[in-house]
Amino acid sequence: LTFMCVFLQALYPSPEEGWQIYSSAQDADGKCICTVVAPAQNMCNRDPRSRQLRQLMEKVQNISQSMEVLDLRTFRDLQYVKNTEGLMKVVDGKLKVASENPRSLNPKGFQEVKDKVNQLLPLLPVLEQYKADAKMILRLREEVRNLSLVLMAIQEEMGAYDYEELRQRVLLLETRLHSCMQKLGCGKLTGVSNPITVRASGSRFGSWMTDTMIPSSDNRVWSMDGYFKGRRVLEYRTMSDFMKGQNFVQHLLPHPWAGTGHVVYNGSLYYNKYQSNIIIKYHFRSRSVLVQRSLSGAGYNNTFPYSWGGSSDIDLMADENGLWAVYTTINNAGNIVISRLEPQSLEILQTWDTGFPKRSAGESFMICGTLYVTNSHLAGAKIYFAYYTNTSSYEYTDIPFHNQYSHISMMDYNPRERVLYTWNNGHQVLYNVTLFQVIKTSGD
């Protein structure tokens, strides 16, 4: 069984939107429809009880994490105790024999018992851990009791409004949406939403991003202001921190960057080294360069940039299929070249010549192995060209989008969140995307 699916992605609501209520359905023609409806943010944010509930939810989450740690550790220790059960029976039997007949315990027998007892010594730290865990359980029980009292007080204040029931309904609907999302594979881009301005910061040119690796629980946001000889990368803990400009650390790259075509993939920053065609992989946790490799024949230093210039010769990006480099060589006469890269070594796995002149492109991004190219970086731009690497074919498209601030210097797709990240004239902007997909069910 095969049916068509149009997926309307709305991961990031616009500023006037708040709680997201998810729903999914399938119409009579077999189309899977996934939608997100978000009410006005002020409906709940004005209520101080909403803030109190969020704080309680954070406490519950911390308690849940502690319980998971306890459960994992208890399971591990229980397995160890089970594995030593046979040894304990052997020692118990030998001790009973020695107790009933002391003369039977000769030096050799005594040494055997001693050796068996020594093998049981690792049980001591396990038992000590049990004592510590017992204290933690008592503490968690007290925290849960306090939370229950607070929740009861809030429930009395709320009267007819059962926020807990509403929250459970939201979680259930969210689960249905994510279940629908898991069925959705790759698809063809058919639409781009209105822009969602997340923040206004930095200069006219720059880039910002989250990790594009699937799956990933990494919520950090990175910002790189400018396109010329920059080295400072700001790392924010969450999207909320980025919006507020708080809770960030700074990375000072060992080599300056060129352009804005950077990407974060699986905890590492991939970027083009200034005045070269070298790609660098910088690991954020260790703050070190793991590998660097020349992109053979690739133009650099404004040899083949996008239409806006800015040393945008080499554009690195990631999608559902992995890591990519978009660039141009002299041998390709200035046309866009796509290369799929091996993330660890940066070796080129495969290359395609799109035939589209790079200087005529405003920006480009990959979705599901397809390169989408805009015809301008200015107002009135649209997604004009698509190259399909799975079939080595192309087509001209006509997908409009609103270029709100009239100068896009970075546009990248995040496959984990299924949104477009853009840097538009000093504004950090998101676009949700609509993908047309064909889903094959297990009945095929």
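A donor-acceptor pair under 3.5 Å is formed between the side chain of Asp313 and the backbone N or O of Asn302. At distances below 3.5 Å, at least one donor-acceptor pair connects side-chain atoms of Gln428 with backbone N or O atoms of Ser201. A donor-acceptor pair is defined here as one N or O able to donate and one able to accept, closer than 3.5 Å; no such pair exists between the side chain of Asn432 and the backbone of Ser193. Panel note: side chain Thr190, backbone Thr434; a donor-acceptor pair is recorded below 3.5 Å. The backbone N or O of Pro305 lies less than 3.5 Å from no partner atom in the side chain of Ser312, so there is not a single donor-acceptor pair. Judged by distance alone, the side chain of Arg416 and the main-chain N or O of Asp218 form a donor-acceptor pair under 3.5 Å. With Ser276 contributing its side chain and Lys273 its backbone, the two residues share a donor-acceptor pair below 3.5 Å. Between the Thr374 side chain and the Glu363 main chain, a donor and an acceptor come within less than 3.5 Å of each other. Within the 3.5 Å criterion, the main-chain N or O of His262 finds no donor-acceptor partner in the side chain of Ser207. Of the possible polar contacts, one joining the Ser376 side chain to the Leu378 backbone as a donor-acceptor pair under 3.5 Å is found.
To the nearest 0.5 Å, the span separating CD on Gln292 from CD1 on Ile278 amounts to 5.5 Å. For the atom pair Ile314 CD1 and Tyr300 OH, the distance stands at 9.5 Å (nearest 0.5 Å). The structure places OG1 of Thr370 at 8.5 Å from CG of Asp319, a figure rounded to the nearest 0.5 Å. Rounded to the nearest 0.5 Å, atoms CE (Met366) and CD (Glu320) are 9.5 Å apart.
Taking the side chain as every heavy atom from C-beta outward, Phe284 and Val233 approach each other to under 4.5 Å. At a threshold of 4.5 Å between non-hydrogen side-chain atoms, the residues Tyr387 and Ile338 count as touching. When side chains are defined from C-beta on, Leu435 counts as touching Leu189, because their heavy atoms get closer than 4.5 Å. Counting only heavy atoms from C-beta outward, the side chains of Val198 and Val429 never approach each other to under 4.5 Å. Arg293 has its side chain out of reach of Ile279: every pair of non-hydrogen atoms, C-beta onward, lies at least 4.5 Å apart. Counting only heavy atoms from C-beta outward, the side chains of Leu430 and Pro195 never approach each other to under 4.5 Å. Residues Tyr413 and Val433 meet the side-chain proximity criterion, which asks for heavy atoms closer than 4.5 Å. The shortest side-chain heavy-atom distance between Leu371 and Met317 falls under the 4.5 Å cut-off.
Nearest heavy atoms, Ala386 versus Thr397: CB-CG2, 4.0 Å. Residues Phe365 and Met411 share a closest heavy-atom pair of CB-O, 3.8 Å. When all heavy atoms of Met410 and Ile408 are compared, the pair lying nearest together is O-CG2, 3.4 Å. Taking every heavy atom of both residues into account, Ala325 and Leu295 meet most closely at CB-CD2, 4.1 Å. Here the closest non-hydrogen pair linking Gly297 and Asn277 is N-ND2, 4.0 Å. The shortest non-hydrogen separation linking Val373 to Ser364 is CG2-CB, 4.1 Å.
A salt bridge is defined here as a Lys NZ or Arg NE, NH1 or NH2 lying under 4.0 Å from an Asp or Glu carboxylate O, and Glu395 with Lys188 meets this definition.
Using a 3.5 Å distance cut-off with no hydrogens or angles, the side chains of Asp211 and Asn266 do not pair a donor with an acceptor. With hydrogens and angles left out, the side-chain atoms of Ser203 and Asp225 include a donor and acceptor closer than 3.5 Å. Between the side chains of Thr210 and Asn414, at least one donor-acceptor pair of N or O atoms lies under 3.5 Å. Side-chain contact check for Thr238 and Asn219: no donor-acceptor pair (N or O, by modelled atom type) lies under 3.5 Å. A donor-acceptor contact under 3.5 angstrom links the side chains of His377 and Ser307, judged on distance only.
Under the rule for a salt bridge (charged side-chain N to carboxylate O under 4.0 Å, His left out), the partners of Lys382 that lie at least two apart in sequence or sit in another chain are Asp398.
Here the options are Thr197, Asn425, Thr422, the test is side chain to side chain donor-acceptor pair (under 3.5 Å), and the partner is Tyr405; only Thr197 passes. Here the options are Tyr372, Tyr388, Phe385, the test is ring-ring contact (aromatic ring centres under 6.0 Å, His included), and the partner is Tyr394; only Phe385 passes.
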Task: Phe304/Ile330 under side chain to side chain contact (heavy atoms under 4.5 Å, CB included): CA gap, chis, key distance, verdict - done: CA-CA 9 Å; Phe304 299 111; Ile330 294 177; 4.1 Å; yes
TODO: Before giving the answer on ring-ring contact (aromatic ring centres under 6.0 Å, His included), spell out for Tyr274 and Phe228 the whole-Å C-alpha distance, their side-chain angles and the decisive distance to 0.1 Å.
DONE: CA-CA 8 Å; Tyr274 175 64; Phe228 178 77; 5.4 Å; yes
TODO: Verify side chain to side chain donor-acceptor pair (under 3.5 Å) between Ser288 and Ser286, making sure each step is shown before the conclusion.
DONE: CA-CA 5 Å; Ser288 62; Ser286 64; 2.7 Å; yes
TODO: Take Trp423 and Ser223 through the side chain to side chain contact (heavy atoms under 4.5 Å, CB included) test and state the conclusion after the steps.
DONE: CA-CA 10 Å; Trp423 188 291; Ser223 175; 3.9 Å; yes
Task: Steps toward side chain to side chain contact (heavy atoms under 4.5 Å, CB included) verdict (Phe401, Tyr431) - done: CA-CA 9 Å; Phe401 65 95; Tyr431 294 88; 3.9 Å; yes
Open item on the list: What verdict does the side chain to side chain contact (heavy atoms under 4.5 Å, CB included) test give for Val221 and Met209, after you've listed the backbone C-alpha separation in whole Å, the side-chain angles of each residue and the deciding distance to 0.1 Å?
Closed with: CA-CA 6 Å; Val221 180; Met209 65 216 80; over 6 Å; no
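Aromatic rings of Tyr236 and Phe242 (six-membered ring for Trp) have centroids within the 6.0 Å cut-off, being under it. Close placement of the Trp208 and Tyr421 rings is indicated, their centers lying within 6.0 Å of each other.
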Under 3.5 Å, sequence neighbours excluded: what are the donor-acceptor pairs made by side chains of residues 248-260?
| from | atom 1 | to | atom 2 | distance (Å) |
| --- | --- | --- | --- | --- |
| Gln250 | OE1 | Arg232 | NH1 | 3.3 |
| His251 | ND1 | Tyr282 | OH | 3.4 |
| His251 | ND1 | Arg287 | NH1 | 3.4 |
| His251 | NE2 | Glu235 | OE1 | 2.8 |
| Trp257 | NE1 | Gly226 | O | 3.2 |
| Thr260 | OG1 | Ser409 | O | 2.5 |

Solution key, residues 344-357 side-chain donor-acceptor pairs under 3.5 Å, sequence neighbours excluded:
| from | atom 1 | to | atom 2 | distance (Å) |
| --- | --- | --- | --- | --- |
| Gln344 | OE1 | Lys281 | NZ | 3.3 |
| Ser345 | OG | Glu342 | OE1 | 3.1 |
| Ser345 | OG | Glu347 | N | 3.3 |
| Thr351 | OG1 | Ser339 | OG | 2.8 |
| Trp352 | NE1 | Thr389 | O | 3.2 |
| Trp352 | NE1 | Ser392 | OG | 3.4 |
| Asp353 | OD1 | Gly355 | N | 3.0 |
| Asp353 | OD2 | Asn332 | ND2 | 2.8 |
| Thr354 | OG1 | Ile336 | O | 2.8 |
| Thr354 | OG1 | Phe356 | N | 3.2 |

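Taking the ring axis of Tyr306 as reference, the NZ or CZ atom of Lys358 stays within 45° of it and closer than 6.0 Å to the ring centre.
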